[in-house]
Engineer: 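Below is one structure. I have some questions about it.
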Amino acid sequence: MPPANDLAAIGTVELAQRIRKGELSAVEVTQATIERVERRNPSLNALVYMAFDEALDRAREADDVLRKGEAIGPLHGVPTALKDITGFKPGWPATWGGIRALKDNRTELSGLYTERMERAGAIIIGRTNAPTMGFRGTCDNYLFGATRNPFDLSRNSGGSSGGSSAAVADGLLSLAEATDGGGSIRIPASWCGVYGYKPSFGRVPHIARPNAFNGVNPFIFLGSVTRSVEDAALAMNVLAGGDPRDPLSAPDTVDFAAATKRSIQGLRIAYSPDLDVFPVDPRVEAAVSKAVAAFEESGATVDTVKLGITIPQQELSDLWCRLIIPLSLFDFDQLKADGLDLLGDHADDFPPEYLHWLEVGRHQTAVDFLRDQAMRTEIFDAVQGVFEGYDLLITPTLACLPVKNADNGNTVGPNEINGETVDPLIGWCLTYPINFTGHPAASIPAGLVDGLPVGMQIVGRLGADGDVMAASAEFERIRPWKDSYKICEDRPI
């Protein structure tokens with residue numbers, strides 16, 4: 001069996017190719033993955049549930065299929081993991097981001113990531129950590145604790161897909177599930193130095209019941225985190241495509257892999273260092289400003305722009321909280337009807353910041369909701385206005401570097417940046433405005449500051465996923481970041 005460290009450097013595309021050619025077996029890859037997880041995850045806390053025996057059974061089946069010469073999927077034998085909020089698999093635990101009362105909760109649900117990844121031949125080895133109900137940009141909870149950043153174990157991975165991003169950055173996996181309602185793909189991708197892709201709204205189906213429309217306020221997305229753009233393109237080709245269970249999914253398809261080969265010569269790129277209203281750490285701004293200039297080397301033009309946003313960032317972060325909190329209230333109401341009163345019997349399982357917003361949500365009126373949609377429309381119009389003259393919009397992904405982990409299960413982001421107050425839950429994230437609008441967006445590693453990753457957000461026109469993927473692939477070619485993972489490899493165990 002190849003050493004686990006050797007396989008850790010191999011990406012999803014190469015793993016799939018080598019398994020298909022018989023150079024590696026699915027069992028060898030799965031065993032090496034398990035070995036690396038067992039050795040490195042205890043210091044990282046990225047995976048919180050492991051199904052190794054089940055994964056090995058699936059790997060043996062995968063090798064049997066190859067030996068018989070049967071048809072296989074594009075991810076045949078490649079290990080991956082689900083996220084412990086949205087990633088469901090029948091019989092597996094589901095704690096909704098480390099809610100203590102749900103420690104032994106099992107579900108018979110199956111999520112879209114599970115369905116499409118397994119159909120493509122991937123082997124799911126476990127679930128990754130996430131914050132309670134995904135309601136913050138850090139990864140910590142009272143049941144499992146914080147996920148540590150593989151670039152600096154004293155710092156947080158970011159959230160809510162923090163366990164997935166840390167696992168991929170550390171080489172435990174080459175691909176993991178990530179979802180995004182306010183930046184939960186892009187935030188941890190930025191802090192962990194990996195590539196996080198959020199598709200256009202509708203590009204990947206959002207399957208929810210009993211409310212099939214619960215992914216629109218704000219827009220909620222399913223995607224992935226990987227170490228390379230090529231790997232993300234393969235994952236997106238597997239995940240994208242309409243589904244009759246989602247009334248809003250797009251029937252058309254995009255060849256994400258083909259988009260990575262496209263030239264970006266002649267593209268017009270708008271650069272906003274702060275989305276007009278966000279305070280940004282000067283070190284972050286400097287790193288991203290230097291990175292965005294690289295596109296000019298490939299024949300694109302880059303202009304610094306103003307979007308015309310006038311709503312203060314503190315009002316915008318409050319808007320995001322008000323829009324998304326009814327989803328939680330609805331979920332808790334459903335659970336209560338089934339006999340589990342989490343808020344009544346287990347309120348101590350929830351962070352005080354989250355309980356505050358639940359209380360706000362209870363008192364919102366229909367008129368309040370429509371007023372918030374009008375505010376959201378102002379952001380949509382501002383972003384759309386940029387695309388009247390430009391093909392892409394680029395910003396910092398986040399306004400700050402990774403924060404230190406707390407020791408009480410309640411890590412939050414900064415309260416202040418550049419002397420300006422920000423909401424510690426999400427106010428330092430330049431990601432959530434793009435959940436108001438539905439545009440495709442990615443966080444791509446822009447460089448390191450004091451050994452810590454900085455992400456650059458690339459936003460495309462509505463439906464123009466190919467432009468974002470093409471620009472991402474070109475940036476990786478001229479500013480590769482793979483050597484940065486040596487920092488993770490050398491971290492103390």
Side-chain angles (χ1 to χ4, degrees), residues 82-114 127 130-136 141-144 159-160 179-182 184 201 205-222 245-248 317-373 376 409-410 425-426 432 435-436:
L82 306 177
K83 174 182 174 181
D84 182 28
I85 291 181
T86 52
F88 299 116
K89 186 170 167 62
W92 281 27
T95 74
W96 291 91
I99 298 174
R100 289 176 296 208
L102 298 181
K103 179 181 179 181
D104 299 317
N105 180 56
R106 302 270 169 168
T107 181
E108 292 307 314
L109 298 173
S110 182
L112 186 84
Y113 188 91
T114 300
R127 301 192 81 185
T132 302
M133 300 300 289
F135 196 82
R136 62 181 58 203
N141 57 65
Y142 293 152
L143 177 59
F144 300 118
S160 64
T179 56
D180 194 312
S184 290
F201 179 70
H206 179 79
I207 311 300
R209 292 296 183 276
N211 176 12
F213 300 90
N214 83 347
V216 299
N217 293 305
F219 290 129
I220 297 174
F221 305 83
L222 171 64
R245 296 170 294 177
D246 179 2
L248 302 175
S317 58
D318 285 355
L319 170 62
W320 180 84
C321 292
R322 290 196 302 269
L323 283 176
I324 204 167
I325 203 66
L327 295 177
S328 291
L329 289 168
F330 181 80
D331 287 339
F332 291 135
D333 186 65
Q334 294 290 303
L335 288 170
K336 187 176 181 179
D338 291 336
L340 182 58
D341 186 2
L342 285 177
L343 297 180
D345 299 333
H346 304 282
D348 288 346
D349 282 359
F350 299 94
E353 299 88 351
Y354 181 65
L355 293 174
H356 161 75
W357 281 107
L358 287 173
E359 192 63 23
V360 171
R362 287 192 182 96
H363 293 90
Q364 292 184 104
T365 67
V367 173
D368 291 332
F369 173 76
L370 293 177
R371 189 179 296 114
D372 282 346
Q373 294 292 357
R376 175 185 183 180
N410 193 27
L425 296 182
I426 199 166
Y432 68 83
N435 293 81
F436 293 160

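Computed from a predicted model, the values in this text were never measured in an experiment.
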Engineer: Mind listing the closest non-hydrogen atom pair of Arg376 and Pro218 along with its distance?
Structural biologist: NH2-CA, 4.0 Å
Engineer: Between Val360 and Ile325, does the side-chain contact (heavy atoms from CB on, under 4.5 Å) criterion hold? Intermediate values first, please.
Structural biologist: CA-CA 9 Å; Val360 171; Ile325 203 66; 6.0 Å; no
Engineer: With the side chain counted from C-beta on, respond yes when Leu222 and Thr86 share a heavy-atom pair under 4.5 Å apart, and no when they do not.
Structural biologist: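 In short, these two side chains do not touch, never coming nearer than 4.5 Å.
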Engineer: Specify whether Tyr354 and Phe332 have parallel, tilted or perpendicular ring planes, treating 30° as the upper limit for parallel and 60° as the lower limit for perpendicular.
Structural biologist: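 Perpendicular.
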Engineer: Specify the closest pair of heavy atoms between Lys83 and Ala130, including all atoms of both residues, with the distance to one decimal.
Structural biologist: CE-CB, 4.2 Å
Engineer: Compare every heavy atom of Gly134 with every heavy atom of Ser160, then report the nearest pair and how far apart it is.
Structural biologist: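 Reported closest heavy-atom pair: CB-CA, 3.8 Å.
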Engineer: What is the distance from atom CZ of Arg245 to atom CG of Leu112, rounded to the nearest 0.5 Å?
Structural biologist: 6.5 Å
Engineer: Would you name the heavy atoms of Thr107 and Ala94 that are closest together and state the gap between them?
Structural biologist: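 Thr107 and Ala94 have their closest heavy atoms at CG2-CB, 4.1 Å.
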Engineer: In Å, rounded to the nearest 0.5 Å, how long is the span from NE2 of His346 to CG of Leu340?
Structural biologist: 6.0 Å
Engineer: Any idea which heavy atoms bring Thr95 and Gly98 closest together, and the distance?
Structural biologist: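 Heavy atoms only, the tightest pair is OG1-N, 2.9 Å.
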Engineer: Which residue pairs pass the salt bridge (Lys or Arg N to Asp or Glu O under 4.0 Å) test with at least one member in residues 318-344, sequence neighbours excluded?
Structural biologist: Arg322-Asp372
Engineer: With a 4.5 Å heavy-atom cut-off, do Pro351 and Tyr142 have their side chains touching?
Structural biologist: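 Pro351 vs Tyr142: side chains touch.
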Engineer: Any side-chain to backbone donor/acceptor pair from Trp320 onto Phe436? Under 3.5 Å, distance only.
Structural biologist: no
Engineer: A side-chain contact here means heavy atoms from C-beta on lying under 4.5 Å apart; do His206 and Val216 qualify?
Structural biologist: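 Of all side-chain heavy-atom pairs linking Val216 with His206, none is under 4.5 Å.
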Engineer: Here's one to test your reading of the geometry: is the NZ or CZ of Arg127 within 45 degrees of the ring axis of Tyr113 and under 6.0 Å from its centre?
Structural biologist: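 Pair Arg127/Tyr113 does not count as cation-pi.
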Engineer: How many angstroms lie between atom CH2 of Trp92 and atom CG of Asn105, to the nearest 0.5 angstrom?
Structural biologist: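 The distance works out to 15.0 Å.
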Engineer: Which distance, rounded to the nearest 0.5 Å, do you find between the CZ of Arg100 and the CG of Asp349?
Structural biologist: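 The CG atom of Asp349 is 4.5 Å from CZ of Arg100, to the nearest 0.5 Å.
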Engineer: Under the ring pair (Phe, Tyr, Trp, His ring centres under 6.0 Å) criterion, do Phe135 and Phe350 qualify, and how do the steps go?
Structural biologist: CA-CA 11 Å; Phe135 196 82; Phe350 299 94; over 10 Å; no
Engineer: Could you measure the distance from the CZ atom of Phe144 to the CG atom of Asp84? Nearest 0.5 Å is fine.
Structural biologist: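 If we round to the nearest 0.5 Å, Phe144:CZ and Asp84:CG are 5.5 Å apart.
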Engineer: Any sub-3.5 Å donor-acceptor pair from Asn214's side-chain atoms to Leu327's backbone N or O?
Structural biologist: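 It does not hold such a pair.
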Engineer: Between Arg136 and Asn410, is any pair of side-chain heavy atoms under 4.5 Å apart?
Structural biologist: yes
Engineer: From Leu335 CG over to Leu102 CG, what is the distance, rounded to the nearest 0.5 angstrom?
Structural biologist: 7.0 Å
Engineer: In sequence, state the C-alpha distance, the side-chain angles, and the governing distance for Leu143 and Lys103, and then conclude on side-chain contact (heavy atoms from CB on, under 4.5 Å).
Structural biologist: CA-CA 8 Å; Leu143 177 59; Lys103 179 181 179 181; 4.2 Å; yes
Engineer: Is the distance between the ring centroids of Phe88 and Trp96 under 6.0 Å?
Structural biologist: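 Ring centroids of Trp96 and Phe88 are less than 6.0 Å from each other.
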Engineer: Keeping the roles fixed (side chain from Thr132, backbone from Gly97), state whether a donor-acceptor pair exists under 3.5 Å.
Structural biologist: yes
Engineer: Write down the atom of Leu342, the atom of Ala101, and the distance for their closest heavy-atom approach.
Structural biologist: CD2-CB, 3.7 Å
Engineer: For a side-chain contact (heavy atoms from CB on, under 4.5 Å) check, start with the C-alpha distance between Leu358 and Leu343, then their side-chain angles and the critical distance, and finish with the verdict.
Structural biologist: CA-CA 10 Å; Leu358 287 173; Leu343 297 180; 3.7 Å; yes
